[in-house]
2 protein chains.
Amino acid sequence: MSLLLNRRDLEFVLYELLKVDALAKTERYGGQDRALYDQTLDAAERLATEKFATHAAELDEHEPTFDGERVHLLPAVKDALDAYVEAGFMGASLDADIGGMQLPWTIAQVCAAYFNAANIATSAYPFITIAACNLLNKFGSDEQKRRYLGPLVEGRFFATMVLSEPQAGSSLADIRTRAVPTDDGHYLVTGNKMWTSAAEHDLAENIIHFVLAKIPGGPPGVKGISLFIVPKYFVNDDGSLGARNDVRIAGLNHKMGYRGTVNAVFNLGERGQCHGWLLGAPHQGLACMFHMMNEARIGVGLGAVALGATGYLHSLRYARERPQGRHPTNKDPQSPMVPIVEHADIRRLLLAQKAAVEGGLALELYCSHLIDLERTTSDAAALDRLSLLLDILTPIAKSWPSEFCLEANKHAIQILGGYGYTRDYPLERFYRDNRLNPIHEGAHGIHGIDLLGRKVAMRGGAALNALLAEFDATLAEADTCPSLAEHVTSFRAIRAGLVETTAALGAVRDGGDVALALANAGIYLDTFGHIVVGWLWLKMAIVAARGAQGASGADVDFYASKLHTCRYFFRYELGKVPERLALLARVDDTCFAMRDAWL
Amino acid sequence: MSLLLNRRDLEFVLYELLKVDALAKTERYGGQDRALYDQTLDAAERLATEKFATHAAELDEHEPTFDGERVHLLPAVKDALDAYVEAGFMGASLDADIGGMQLPWTIAQVCAAYFNAANIATSAYPFITIAACNLLNKFGSDEQKRRYLGPLVEGRFFATMVLSEPQAGSSLADIRTRAVPTDDGHYLVTGNKMWTSAAEHDLAENIIHFVLAKIPGGPPGVKGISLFIVPKYFVNDDGSLGARNDVRIAGLNHKMGYRGTVNAVFNLGERGQCHGWLLGAPHQGLACMFHMMNEARIGVGLGAVALGATGYLHSLRYARERPQGRHPTNKDPQSPMVPIVEHADIRRLLLAQKAAVEGGLALELYCSHLIDLERTTSDAAALDRLSLLLDILTPIAKSWPSEFCLEANKHAIQILGGYGYTRDYPLERFYRDNRLNPIHEGAHGIHGIDLLGRKVAMRGGAALNALLAEFDATLAEADTCPSLAEHVTSFRAIRAGLVETTAALGAVRDGGDVALALANAGIYLDTFGHIVVGWLWLKMAIVAARGAQGASGADVDFYASKLHTCRYFFRYELGKVPERLALLARVDDTCFAMRDAWL
């Protein structure tokens, strides 16, 4: 069995829960079928196993080095990415007319999950490049697409996203990088950037940087941010490479995890000769970047799930193989030891992982599928509903697995005991890698403010209402499954609690006390996430309860497992929610009222 | 301000909460006073700052290496430990008649906390040696003490504790190392050991290994374990060193954290010439070892607290210095940014750390003080009560900070954002170091079984009753503080819930379903820990409420801080307890009933 992802569970989510194969009936995905999707997943699993997993530990031990001019990376990274490009994964989800395979985004995301589970540091390079392709394809001029998009899709060029600066991380309003127009219609860019992933390497012929900067004279704050294409080497009209642009890394960041992903301090225009080309309209850079980032955020959540999932499978294998101790009722020390999977507390640590990982997977693939539905729907009302659901779910899709699949990795280490704490096993690496996820692509707290401060209130609560309508549809369906009655009762009460709590916080906000209303936004985010994942577990339980009828062979255990893990999530995790909602509804001001002098 | 520990808070716990200076009125600590204790803490803080903190990051980056014969360690480790020994810290708490300073254990523990906060990897070496001194002093023969104890106290010899084997970690009943008696009255030991910390180094002239092994023909299981003194170099009658014993490390373990602490695979008697001397009675080895381990477990908890505490102080400093973003109501992007300590969610992350760290500190020092009271009490009934309290609190003292101060370190990283994820700051190291604590000295789940399966039931619930009597005394005192009424009401309900839940689980156990009764022992442990820490917060709040009356200067804020942090702990953390108690009282069998085939 693969230790990357549970294929049966993937198929359950893709085909039984989401019915992703129905996309093949749409014009965009016409001519495709489940067999094609399965072959693609086979290929991803194989490549991830044979080329990515194989160097993950070595890459972690030998992080990139910078000699002042070039970055040196373990050669296996380039081998793996060459094979990845060769197999067509860079363009898996991209439109056929730009050289992609035009597979559903959901299928491409599952492929990404395989690569993430195998080696998240190496898979970060194409992750960013694919996001850049989407950005360029959506906002680039025809000329820009002609010059850059083809080589990116072909994997001859890689890309970066250049947002943060040393003094501006969460607060992009405060970036200082400037782009001054030249007479030639492009810009000279100067500034110092921070946290730029994949900023320098020799994995591709060229690196195209997508850079946020301000055009002097524009509006202050985020409304004055523009987006620029800044190639490492200029690209001539005939596609050949020209001189090197004035972009240099000043040094590498040395991280706790994700060590194989180059991350750099990045200087633009040190010699005044950094040339950039405006992408999209002036001052619209953040909107362009956020279009891409919202998809990337679902990708971050999925990466957290993938690390959680592979950690779960590794710890499960160990638990089944490691004999240690005896059952509490067996006092005979000369009887054989039992595998630790038989100990109840180990099962709890496994169930906790399984519930987080499978719930997180359903969350990420549900959101990915919404994107596919957007791409295949022309009805305006349906599109609006999809867009609202994505608006409200994106902060959760990014944040919930970043928190709870990190916790899953913590449990996986615990199952291995001392062995889990050593670098002889990959668990501690997964845990270190996963610790990044609550930080990048919007820190955890920022998503809390986004959810509570913007998303639930937007358009008179339209996004929340769209989600509640989904909850209600699921509840109505679950009402027809008598075996789920306990969960239906719980979830109905929690749904009511969410509405009440959100209204109470909204009243404080509307009363003018915005800061107080937002003071517990981080707890709101985690709690809302639990509710969403609980809803998805209920959806999965409905499918499983139906599937269990007449199931045979391995499916009998599979559906029983789904139903039992749902029970775990409802009783052990969702059970915590009412108290959190009550805390939030009281608008507790303890954190808000804490004074600096008391810290 | 020191970034190691908050001295004002230490003094609050030592002198206002526990009144440790009253120990100076006892015979054992006669002639001492608070001034002496404060000078000792000053010296520990200074040495920790100047010699331990200074090489912590470098040691983490340059872990020990083994060339097949010798272990190579960063020279700064020996420098620091030489200074430590020179200053007398090895013997700080040891009896004067064996060369120690005979300071209260509580004071020595605070010193240890300084060294742990500064550099937990380096401080592990004396930590183990001091524990061995206590063990030898209690169970060794006069001849053994004469030969080994003096050099250990003087720091000329260091020690190890050699328990685990590759096939026997949590399950010591299954160790296979054998000790066969020789005609000379000692034993020949053979076996393979695992996870031996400090097993090999050149930090001292000699290393004395305290080894668990079985004498052939003894009872099976834990009742057949004996304890042996196995020196690296034999010690002649005149104290000079003899030949090298047949003990060799086979290799080093490469860990996620605690990297500077040598941890090795350890072979005894590969050439059949490993000589060991029985310590204590045959087959009584585990009881001897546990006497030491119970104190060591409080030390582990304190180490977790120390890492949490220094993480808190580092993240607080960063939060006060880092400008980022503006208040939610300020929409002017041209106004200056505010330090992030002003954001409510950052305050939540700080308060969560502060509540865990200060609560954990109170827990560890309360337990340490119980040991001092044991050492200074002759009344049998009082001693019994102290021993019962230690019995029931030890699993919590070890486990609660290991879980919740690790969580605190997670929050500290989050406050620093990307910077917290880099090795340029120590936060990620604290987090890696602290991840060990739920694993060693009894894994988290083992302590859950110890607490629920043994401690609360022992002697008809005598230990639980002793603790409940402490709760009741605190509640009675808190009843006289009107400002604490909200917390008193909460805690009284929680106390009742704990009793009910424990009785419900006891009924299942007494009904014969021991395994089911223990199935949620891990949750019981965490929940009980929250209750104990809540009780200590209430105790601290009583002192603070009284101290606040008539306070002046910095004390005004200090006591207000204590009361506000208590409020945080009660509302945001202890508020979770009733739901957990209800889950436990239902004797939920979800984890217990999970089948292997469903995982």
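Every chain is numbered from 1 and lettered A, B, ... according to where its sequence line falls, protein lines coming before strand lines.
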task = Would you mind checking if Glu486(B) and Arg571(B) are paired as a salt bridge, meaning a charged N to carboxylate O distance below 4.0 Å?
result = yes

ask   = What part of Pro166(A) lies closer than 4.5 angstrom to a heavy atom of chain B: side chain, backbone, both or neither?
value = both

Asp596(A)/Arg347(B) ion pair, N-O < 4.0 Å = no

Heavy-atom proximity to chain B below 4.5 Å, by part of Arg595(A) = backbone

key: Under 4.5 Å from a heavy atom of chain B, the part of Lys331(A) involved   = neither

ask   = In terms of heavy-atom proximity below 4.5 Å to chain A, should Ile523(B) be classed as side chain, backbone, both, or neither?
value = both

ask   = Pick from Ile346(A), Val514(A), Leu351(A), Leu516(A): which one has the most heavy-atom pairs with chain B under 4.5 Å?
value = Leu351(A)

task = With a 4.5 angstrom heavy-atom cut-off, could you sort out which part of Leu316(A) is near chain B: side chain, backbone, both or neither?
result = side chain

key: No-hydrogen, no-angle side-chain donor-acceptor test under 3.5 Å, His444(A) and Asp345(B)   = no

query = Out of Gly445(A), Pro438(A), Gly420(A), Ala515(A), which one racks up the most heavy-atom pairs below 4.5 Å with chain B?
reply = Pro438(A)

query = Any side-chain donor paired with an acceptor under 3.5 Å for Glu342(B) and His327(B)?
reply = yes

query = So what's closer than 4.5 Å to chain B heavy atoms on Asp589(A): side chain, backbone, both or neither?
reply = both

query = Which of the residues Glu428(B), Gln414(B), Lys354(B), Gln334(B) is involved in the greatest number of heavy-atom pairs with chain A at under 4.5 angstrom?
reply = Gln414(B)

ask   = Between Arg259(A) and Lys255(A), what is the shortest heavy-atom contact and its length?
value = NE-O, 3.2 Å

query = Between Asn253(B) and Tyr419(A), is any side-chain donor less than 3.5 angstrom from a side-chain acceptor?
reply = no

Under 4.5 Å from any heavy atom of chain B - which part of His440(A) = neither

ask   = Does any heavy atom of chain B fall under 4.5 Å from the side chain of Asp513(A), the backbone, both, or neither of them?
value = neither

ask   = Any salt bridge between Glu579(A) and Lys576(A), counting N to O under 4.0 Å?
value = no

key: No-hydrogen, no-angle side-chain donor-acceptor test under 3.5 Å, Asn263(A) and Thr261(A)   = no

key: Choice from Met194(B), Lys410(B), Arg432(B), Arg586(B) maximising heavy atom contacts with chain A below 4.5 Å   = Lys410(B)

inquiry  = Is Ile413(B) in contact with chain A via its backbone, its side chain, both, or neither, using a 4.5 Å heavy-atom distance?
reply    = both

query = Quick one: do Asp60(B) and Arg423(B) make a salt bridge, cutoff under 4.0 Å?
reply = no

key: Heavy-atom contact with chain B under 4.5 Å, split by part of Leu599(A)   = both

Engaged part of Leu349(A) at the chain B interface, taking heavy atoms whose separation is under 4.5 Å = neither

message = Need one label for Thr565(A): side chain, backbone, both or neither, based on atoms under 4.5 Å from any heavy atom in chain B.
response = side chain

Between Gly418(B), Ser170(B), Pro328(B), Ala519(B), the one whose heavy-atom pairs under 4.5 Å with chain A are most numerous = Gly418(B)

key: Ionic contact status for Arg326(B) with Asp174(A), cut-off 4.0 Å   = yes

key: chain B contact via Tyr312(A) - side chain, backbone, both or neither, heavy atoms under 4.5 Å   = side chain

note = If you tally heavy-atom pairs under 4.5 Å between each of Met337(A), Lys562(A), His343(A) and chain B, the highest tally belongs to Met337(A)

task = Under 4.5 Å heavy-atom distance to chain B, tell me which part of Tyr431(A) shows up: side chain, backbone, both or neither.
result = side chain

remark   = Of Pro333(B), Ser171(B), Ala344(B), the largest count of non-hydrogen pairs under 4.5 angstrom with chain A goes to Ser171(B)

key: Between Ala521(B), Ala443(B), Gly575(B), Ala173(B), the one whose heavy-atom pairs under 4.5 Å with chain A are most numerous   = Gly575(B)

query = Between Asp588(A) and chain B, which part of the residue has a heavy atom less than 4.5 Å away: side chain, backbone, both or neither?
reply = both

ask   = Measuring from Arg317(B):CZ to Ile415(B):CD1, what's the distance to the nearest 0.5 Å?
value = 13.5 Å

message = If we count only N and O atoms by modelled type, under 3.5 Å, do the side chains of Gln353(B) and Ser315(B) hold a donor and an acceptor together?
response = yes

For the student: nearest non-hydrogen atoms of Arg348(B) and Gly522(A), plus distance = NH2-CA, 3.7 Å

message = Can you tell me how the ring of Trp598(A) sits relative to the ring of His564(B), calling it parallel under 30°, perpendicular over 60° and tilted otherwise?
response = tilted

request  = Select, from Val222(B), Leu583(B), Leu416(B), the one with the greatest count of heavy-atom pairs under 4.5 Å involving chain A.
outcome  = Leu583(B)

message = Evaluate Phe592(A) against Val587(A) for side chain to side chain contact (heavy atoms under 4.5 Å, CB included), listing each step before the verdict.
response = CA-CA 10 Å; Phe592(A) 185 68; Val587(A) 198; over 6 Å; no

remark   = Whatever's closer than 4.5 Å to a heavy atom in chain A on Arg509(B) counts as neither

message = Please identify, among Ala517(A), Ala593(A), Ala352(A), the residue contributing the most non-hydrogen atom pairs under 4.5 Å to chain B.
response = Ala593(A)

